[in-house]
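Keep in mind that the numbers below use all heavy atoms, side chains included, and drop hydrogens, waters and symmetry copies. One is the number of the first residue; the rest follow in order along the sequence.
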Amino acid sequence: MLLLLVASWSAVWPYLLGTAIAASLGGLVWWLWRTDRIARGGDRAWRQADAMAAGRRTSAEMDAMSGTEFEELVAELCRRDGCTEVRRVGGSHDNGADVVGRLPDGRTMVVQCKRYAPTRAVASREMRDLMGAKVHFRADVAVFVTTSRFSAPSQALAVEHGILAVHRDHLGLWNNGASLPALAGVNGAGQGDRRHRARWKKAYGK
């Protein structure tokens, strides 16, 4: 075989050279593809880790926010879930709304945000204010988000008038990845059983 290869070298060497070049180019392309894939994978992993870190804000961090910062957080969560035209309108003349926008299905929404201490409950009059804001802004959906809980009368008003009431526990779920539309499925389901309320009182003193 060696003698045959030497004897026919002048005719064979172009093919051997072409094969070697093709193999080298193939190896280079594979290396570039693998390097790009690793880089993209690293970037994607970094972005996912960053998103997870942002979603792991503790309730204590939310409690430490200013009212404006909390409203911005709620607006950010709405955008994350695919809501459009989201803007913060909170202020001294906000007409009972802090955030407005559109749900992913196109319905308009108005959001009231209350960064209350865990020991304080949202009163029914505040729920009525949101009902008025829904009429004022001609919104299809009204959402009340709080770092606290709702009083029994305010919770009843929310259920009666189809208002999505996001209390502290549901806010934690929303902040950690649950979508706003998904929370509608547990709206009005209460705010924990007796043992949960006992733990709440032990943790927050009321």
K.L.:
Less than 4.5 Å apart, any side-chain heavy atom of Asp98 and any of Val111?
P.N.:
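With C-beta onward as the side chain, the pair stays apart.
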K.L.:
What I'd like to find out is whether the side chain of Leu171 reaches to under 4.5 Å of the side chain of Thr147, using heavy atoms alone.
P.N.:
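Touching, per the 4.5 Å side-chain cut-off.
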K.L.:
Considering residues at least two apart in sequence or located in another chain, which fulfil the ring-ring contact (aromatic ring centres under 6.0 Å, His included) criterion with Phe144?
P.N.:
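Phe144 satisfies ring-ring contact (aromatic ring centres under 6.0 Å, His included) with Phe150 only.
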K.L.:
I need the minimum non-hydrogen distance between Ala121 and Glu126, along with the two atoms involved.
P.N.:
O-OE1, 4.4 Å
K.L.:
Using 0.5 Å steps for rounding, measure from the CG atom of Leu173 to the CG atom of Leu183.
P.N.:
6.5 Å
K.L.:
Kindly write out the residues that satisfy side chain to side chain contact (heavy atoms under 4.5 Å, CB included) with Pro153, not counting sequence neighbours, or none if the list is empty.
P.N.:
Ser124, Ser151
K.L.:
Does Arg115 have any salt bridge (Lys or Arg N to Asp or Glu O under 4.0 Å) partners at least two apart in sequence or in another chain, and if so, which?
P.N.:
none
K.L.:
About how many Å separate CZ of Arg128 and CG of Leu130, when rounded to the nearest 0.5 Å?
P.N.:
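That separation rounds to 12.5 Å.
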K.L.:
Can you tell me how far apart CD (Gln112) and CE (Met127) are? Round to the nearest 0.5 Å.
P.N.:
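Taking CD in Gln112 and CE in Met127, the distance rounds to 9.5 Å.
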K.L.:
Compare every heavy atom of Ala139 with every heavy atom of Met109, then report the nearest pair and how far apart it is.
P.N.:
C-CB, 4.0 Å
K.L.:
Under the rule for side chain to side chain contact (heavy atoms under 4.5 Å, CB included), what residues qualify as partners of Ser179, not counting sequence neighbours?
P.N.:
Asp81, Pro181, Ala182
K.L.:
How far apart are the closest heavy atoms of Arg80 and Ala178, and which atoms are they?
P.N.:
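Nearest heavy atoms, Arg80 then Ala178: NH2-O, 2.9 Å.
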K.L.:
Can you measure from CE (Met131) to CG (Leu157) and round to the nearest 0.5 angstrom?
P.N.:
6.0 Å
K.L.:
Please find the pair of heavy atoms, one from Val110 and one from Ala133, that lie closest to each other, and give the distance.
P.N.:
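Smallest interatomic distance, heavy atoms only, reads CG2-CB, 4.3 Å.
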K.L.:
Write out all pairs satisfying salt bridge (charged side-chain N to carboxylate O under 4.0 Å, His left out) with one or both partners inside residues 133-146, taking only residues at least two apart or from two chains.
P.N.:
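Counting only pairs at least two positions apart or across chains, no salt bridge (charged side-chain N to carboxylate O under 4.0 Å, His left out) contact touches residues 133-146.
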K.L.:
For a 4.5 angstrom cut-off between non-hydrogen side-chain atoms, does Tyr116 reach Val122?
P.N.:
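Touching, per the 4.5 Å side-chain cut-off.
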K.L.:
Would you compute the distance between atom OG1 of Thr146 and atom NE2 of His170 and round it to the nearest 0.5 angstrom?
P.N.:
13.0 Å
K.L.:
Looking only at non-hydrogen atoms, find the nearest pair between Val89 and Ala97 and report the distance.
P.N.:
CG2-O, 3.7 Å
K.L.:
Would you say Asn175 and Leu73 make side-chain contact, with heavy atoms under 4.5 Å?
P.N.:
yes
K.L.:
How long is the straight-line distance from CD of Glu71 back to OG of Ser66, given to the nearest 0.5 Å?
P.N.:
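Separation between the atoms: 8.0 Å.
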K.L.:
Can you name the residues that form a salt bridge (Lys or Arg N to Asp or Glu O under 4.0 Å) with Glu72, not counting sequence neighbours?
P.N.:
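Scan of Glu72 (salt bridge (Lys or Arg N to Asp or Glu O under 4.0 Å), adjacent residues dropped) gives Arg88.
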K.L.:
Report the residues that fulfil side chain to side chain contact (heavy atoms under 4.5 Å, CB included) with Ala64, sequence neighbours left out, ordered by chain and then residue number.
P.N.:
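With neighbours one apart ignored, the set is empty.
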K.L.:
Mind checking whether Leu103 and Leu180 have side chains closer than 4.5 Å, heavy atoms only?
P.N.:
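Contact flag for Leu103/Leu180 side chains = yes.
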K.L.:
Can you name the side chain to side chain donor-acceptor pair (under 3.5 Å) partners of Arg107, sequence neighbours left out?
P.N.:
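Result, side chain to side chain donor-acceptor pair (under 3.5 Å) vs Arg107: Asp105.
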K.L.:
How would you list, by chain and number, every residue that makes a side chain to side chain contact (heavy atoms under 4.5 Å, CB included) with Glu85, sequence neighbours excluded?
P.N.:
Arg102
